[in-house]
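Worksheet for the structure shown next.
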There are 2 protein chains.
Amino acid sequence: MTQATTETERSVKAAFEGLEGGDRGGPGTPASEAWGAFLRAHASLMRVLDSELVRGAELSLSDFDVLIQLRLADGARLRMSELARRALISRSGMTRRAGQLEERGLVARQPDASDRRSVVLTLTDDGAQVLRRALPVHFSGVHAHFLDRLTDDELSQLRDVLEKVVIDCDFG
Amino acid sequence: MTQATTETERSVKAAFEGLEGGDRGGPGTPASEAWGAFLRAHASLMRVLDSELVRGAELSLSDFDVLIQLRLADGARLRMSELARRALISRSGMTRRAGQLEERGLVARQPDASDRRSVVLTLTDDGAQVLRRALPVHFSGVHAHFLDRLTDDELSQLRDVLEKVVIDCDFG
DNA sequence: GGTCGTTTGTTGTAATCGCAACCATATGGG
DNA sequence: CCCATATGGTTGCGATTACAACAAACGACC
């Protein structure tokens, strides 16, 4: 995977000439290399972290996301839409994920008194316990593959740079 | 829309609450903020870029990935496995994606004379033409949402930092 | 030549996800 | 009060993906 980078970026040059692209963003530039690293980093990190979490805590990264977002919310309760927004998934995706988690007894659906359209999701005791067991697994993975490889300065740089390219858009 | 998100990419904004992992990695630190920005940036960028590409060139980002990797390869020809590796997808995923692209006449399957197990994918004239029309669409999107928002220094930083966290792993 | 382990591509299967459509509810103006 | 519009959640549906298992072919070795 790392090797492909070099190869790719070398040949990118030939492929993109004739394209109006210009210098910035052209092949072999920091731009294209940054883009490629961005894609590779995400793909490989997500795969490994999910795999580790499933093996170590019998929880997918998607499920973990919902549980952790619930736990971080005030009172460990959130409406479906808000939860979907925070977990970066669609509302329909949230519906199905909540259904699975509810079947496992990790979350509970409750009607919202102030808005009868809404459904409020809460973390059950079992859910909190499962989350407690999953946290160190995920934590050690993020440490090993992410935090331990970067300095504090690099993390700050990464945060600042990436926040500039976040697009505010709907997710479903 | 076509699925811009590959696997599991969710927001885990501050996944380390309640852990005594020390300050590094705790909520509100550059670590967790960088991680959250990483996830949000990828999710939103992929969604928007895929959407723009589908609307502007009738090509999903996944299909584009295959075509561009073929184009960048020497002679615009690659074995399935190598193509899958470069496109960050599994071999089975590559099989099916190649099947679709072949049906559309954008790529052609050829036997590899030197290894009868292998199948070599080549870019057809139609495929090259579709790719030519797709390139400016994708590049303008990458420019608008990524490159134009960052300086050269920031792109170099991003590349250097992200390459440190790329994990060399199999994708299928 | 024969054998074992590896690699290559494909397929069955199951899981996931988003979009569009839908109903229920809420909200703001006539 | 009534209607138009917007929002919240669910469901049907199609599309995509990875994992595991498989056969064919390769390669190293004896």
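Note that the coordinates shown come from a computational prediction; the quantities given were computed from them, not determined experimentally. Reminder, nothing fancy here: chain letters follow the sequence lines and each chain counts from 1. Every heavy atom of this structure was used, including side-chain atoms; hydrogens, water molecules and symmetry mates were not.
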Exercise. In terms of side-chain geometry, is the basic nitrogen of A/Glu82 or A/Arg86 positioned less than 4.0 Å from the acidic oxygen of its partner?
Worked result: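 Looking at A/Arg86 together with A/Glu82, the answer is yes, because their closest N to O distance falls below 4.0 Å.
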Problem set entry | Ion pair B/Arg149/B/Glu154, N-O distance below 4.0 Å |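 No, this pair does not count.
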For this session: Taking only heavy atoms on the protein side, list every residue of residues 105-114 of chain B lying under 4.0 Å from any atom of DNA chain D, sorted numerically.
Result: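 Within this stretch, nothing sits under 4.0 Å of the strand.
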Nucleotide [N], atom [atom2] - distance to [atom1] of [X] in whole Å:
| X | N | atom1 | atom2 | value |
| --- | --- | --- | --- | --- |
| B/Arg96 | C/dT11 | CZ | P | 8 Å |
| B/Leu88 | D/dT17 | CG | C1' | 14 Å |
| A/Ile89 | C/dA15 | CD1 | C1' | 14 Å |
| B/Met94 | C/dT10 | CE | P | 9 Å |
| B/Met46 | C/dG18 | CE | C1' | 17 Å |
| B/Leu101 | C/dG9 | CG | P | 16 Å |
| A/Leu61 | C/dT16 | CG | P | 13 Å |

Exercise. How does protein contact run along nucleotides 3-8 of chain D, one letter per nucleotide 5' to 3', with B for base contact, S for sugar-phosphate only, - for none, heavy atoms under 4.0 Å?
Worked result: ---BBB
Exercise. Could you state the interatomic distance from CG (A/Leu147) to CZ (A/Phe139), rounded to the nearest 0.5 Å?
Worked result: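 Answer rounded to 0.5 Å: 7.0 Å.
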For this session: Nearest 0.5 Å please: distance from the NE2 atom of A/His42 over to the CG atom of B/Leu45.
Result: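 That separation rounds to 10.5 Å.
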Are any of [X]'s side-chain N or O atoms less than 4.0 Å away from OP1 or OP2 of [N]?
| X | N | result |
| --- | --- | --- |
| A/Ser62 | C/dC17 | yes |
| B/Arg116 | D/dC26 | yes |
| B/Gln100 | D/dA15 | no |
| B/Arg97 | C/dG9 | no |
| A/Arg47 | D/dA18 | yes |

Problem set entry | Listed partners of B/Arg116 passing salt bridge (charged side-chain N to carboxylate O under 4.0 Å, His left out), at least two apart |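 For B/Arg116, no residue satisfies salt bridge (charged side-chain N to carboxylate O under 4.0 Å, His left out) once neighbours in sequence are set aside.
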Problem set entry | Results of salt bridge (charged side-chain N to carboxylate O under 4.0 Å, His left out) for B/Arg96 - residues two or more places apart only |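 Counting only residues at least two positions away or on another chain, B/Arg96 forms no salt bridge (charged side-chain N to carboxylate O under 4.0 Å, His left out).
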Problem set entry | Parallel, tilted or perpendicular: ring planes of A/Phe38 versus B/Phe38, cut at 30 and 60 degrees |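 Rings of A/Phe38 and B/Phe38: perpendicular, over 60°.
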Exercise. Do the rings of B/Phe64 and B/His138 sit parallel, tilted or perpendicular, given the 30° and 60° boundaries?
Worked result: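 Plane angle between 30° and 60°, so tilted.
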For this session: Specify the angle, to 10°, made by the local axes at the two ends of the helix from C/dG1-D/dC30 to C/dG30-D/dC1 when five pairs are taken at each end.
Result: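 Inter-axis angle at the ends, rounded: 20°.
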For this session: Decide yes or no for B/Ser62 and B/Arg97: does some side-chain heavy atom of the first lie under 4.5 Å from some side-chain heavy atom of the second?
Result: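 Yes, side chains in contact.
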For this session: Would you indicate whether the side-chain heavy atoms of A/Leu83 and A/Leu70 approach each other to under 4.5 Å?
Result: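 Yes, side chains in contact.
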Exercise. Is the base of D/dC19 touched by the side chain of B/Ser92 through a donor-acceptor pair closer than 3.5 angstrom?
Worked result: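 Per atom types, the contact qualifies.
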For this session: Tell me which of B/Val120 and A/Asp63 sits closer to the 5' end of DNA chain C, going by the nucleotide each one is nearest to.
Result: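 Its nucleotide being nearer the 5' end, the pick is B/Val120.
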For this session: Only counting residues at least two apart or in another chain, list the ones meeting side chain to side chain donor-acceptor pair (under 3.5 Å) with B/Gln110.
Result: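 B/Gln110: side chain to side chain donor-acceptor pair (under 3.5 Å) contacts with B/Arg77.
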For this session: Kindly say whether A/Val119 contributes a backbone atom to a donor-acceptor pair with the side chain of A/Asp112 at under 3.5 angstrom?
Result: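 Such a contact is absent between A/Asp112 side chain and A/Val119 backbone.
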